[in-house]
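One structure is given below, encoded as structure tokens.
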Amino acid sequence: MNFVLIVLAIIAHFGLRLTFYNRLNSLGWRRRTIKLIEKIAFAETWLTPLWIVATWFETLQGIGQGTREIGDLSGWLLVYGGLCLLAGGCFFLLWLLWRPLFRVQHAMVKRTTELHRATPQDVARFARTSKCRRAASIPGNQLFDLAIEHIVVPLANLPESLIGYRIAHLSDIHLTGQMQPEYIAGVIERALVWSPEIFTLTGDIVDVQECVSWLPELFAPARARDGSYFILGNHDTRVANPSEVRRQMSVAGWTDLGGRCEVHSLRDQNVLLMGNEWPWFGRPSGDDLAAATTDPSGNALTICLSHSPDQFDWARYHDVDFLMCGHTHGGQGRLPLIGPILSPSWHGSRWASGDFYRDPTTMHVSRGLGGVHLLRIHCRPELSLITLQKQMSK
């Protein structure tokens, strides 16, 4: 029985460290600070259970020799194990509750998936480095696959004139130089075939300086009748000057919504569009929102681009109708039934990807199209083609 409790305590220890890792990477701290804490936490994560096991076996050996008793285990070690069991049990129940299998707070959307599996020829074409080619050969890695998700999203406040409105949502491009830009260009081409009325991009566009110059040529073709809008994410802070990313995207014909809110006419309806880049950059203030809603005719709908789904509560507070996010990459890997484990969010893997509803806001979280880590285990890149629909009254 004691051995079973120790094993459970060690499992809880690792689970709590995973919980810490997910929350740490949701913060707007400097990357250098986060990476330093990660390294210290990684070392502690492994050293502590090794010390626990060593102490346990030393005690068992002493008991066998008649020189020690079970009560000789360090008092604080017993306390630590008990705390791991208690806290780990609580977090495990919450983690279990939010598994995708149970669909708690999921929005009732209609989703159909069009799969495009990468061939060896695709890998040879799109992998820019040998590291990328090796990663693509790992079993289960869907790095160059593509899931085109056709999603019909019901919104309660959708005006009649916007029924059937088409949004092409891109997220987490992550231009690192490991993949050829032609991969993203192909994704944009597939989106254009669908004839979206608006393009949206929710951050993490570029990771390394050399790729900033790619932006105008890569994103200029993504044109839609009502425009193309973008915000930045945490990885866009890794280049020398994020303002240059904004400038190059503007050269490509995209409109920067970062930290701003603007009223636009979509199908002759006033719609408030806003961009939330918090906590890495800005988000609209209360005064900004008040100024944007002074039009006596009002706004038919409020749509927000947010890099992180952690802004869900903020969106609800400001009566956002539809929130589009990325950042979490669907967990970068997914297990059967269990779903994602890793997710850089204050809420862990609760909102790693999918469609969610908490009155009055519907939130769509994309798995994104790329990643710094060249692993997407059973987690295909996602192009979201969203059609707005009127939510039927209950």
Side-chain angles (χ1 to χ4, degrees), residues 11 14-15 17-19 21-22 25 38 42 45-46 92 95-96 98-103 106 111-151 169-187 190 204 207 235 309 325-345 347-355 364-385:
I11 293 173
F14 281 105
R17 295 314 181 274
L18 177 62
T19 298
Y21 173 85
N22 284 338
N25 281 276
E38 274 186 3
F42 181 81
T45 296
W46 290 98
F92 174 75
W95 176 84
L96 188 64
W98 302 119
R99 291 305 83 201
L101 177 67
F102 300 117
R103 304 191 62 80
H106 279 238
R111 180 185 286 253
T112 57
T113 304
E114 178 185 339
L115 295 181
H116 296 270
R117 294 181 173 86
T119 65
Q121 292 75 22
D122 291 330
V123 174
R125 177 186 174 193
F126 296 133
R128 192 165 180 256
T129 65
S130 57
K131 177 182 178 181
C132 187
R133 285 189 290 272
R134 289 194 299 271
S137 67
I138 296 173
N141 191 6
Q142 299 173 328
L143 181 64
F144 288 118
D145 289 353
L146 178 66
I148 301 180
E149 304 284 359
H150 294 267
I151 310 165
H169 176 211
L170 313 175
S171 193
D172 298 272
I173 308 298
H174 287 288
L175 296 176
T176 63
Q178 299 286 346
M179 298 167 60
Q180 297 287 2
E182 284 76 13
Y183 176 75
I184 298 300
V187 173
R190 294 181 188 278
D204 277 2
D207 283 77
H235 280 249
C325 311
H327 183 54
T328 47
H329 299 189
Q332 204 80 36
R334 303 174 71 88
L335 300 175
L337 297 180
I338 292 175
I341 303 296
L342 292 171
S343 182
S345 165
H347 299 273
S349 56
R350 175 178 176 180
W351 297 324
S353 67
D355 305 280
H364 169 71
V365 185
S366 169
R367 296 189 301 275
L369 289 161
V372 171
H373 306 292
L374 299 174
L375 292 173
R376 296 189 67 104
I377 304 300
H378 302 299
C379 186
R380 290 184 176 88
E382 174 178 346
L383 165 62
S384 304
L385 301 180

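The line from CH2 of W351 to CH2 of W98 is 7.5 Å long, rounded to the nearest 0.5 Å. For the atom pair NE2 of H327 and OG of S171, the computed distance is 10.0 Å after rounding to the nearest 0.5 Å. Distance CZ/R117 to CZ/R380: 5.0 Å, rounded to 0.5 Å. Note that CD of Q332 is 13.5 Å distant from CD1 of I341, once rounded to the nearest 0.5 Å.
In this structure, I151 and H169 have side chains that are not in contact, with every pair of non-hydrogen atoms separated by 4.5 Å or more. Using a 4.5 Å cut-off on side-chain heavy atoms (C-beta onward), R133 and S137 make no contact. The closest side-chain heavy-atom distance from E114 to H150 is below 4.5 Å. A 4.5 Å side-chain heavy-atom check between T45 and L18 finds every atom pair outside the cut-off.
Taking the six-membered ring for Trp and thresholds of 30 and 60 degrees, F144 and F126 have ring planes inclined between 30 and 60 degrees apart.
Of the charged side-chain nitrogens involved, at least one lies within less than 4.0 Å of a carboxylate oxygen, so that R367 and E149 count as a salt-bridged pair.
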Chi angles and distances behind the side-chain contact (heavy atoms from CB on, under 4.5 Å) call for T176, H235: CA-CA 10 Å; T176 63; H235 280 249; over 6 Å; no
Run T328 and D172 through side-chain contact (heavy atoms from CB on, under 4.5 Å) and show every step you take. CA-CA 9 Å; T328 47; D172 298 272; over 6 Å; no
Working for ring pair (Phe, Tyr, Trp, His ring centres under 6.0 Å), residues H329 and H373: CA-CA 11 Å; H329 299 189; H373 306 292; 8.7 Å; no
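Test I173, I148, L146 against V187 for side-chain contact (heavy atoms from CB on, under 4.5 Å) and you get one pass: L146.
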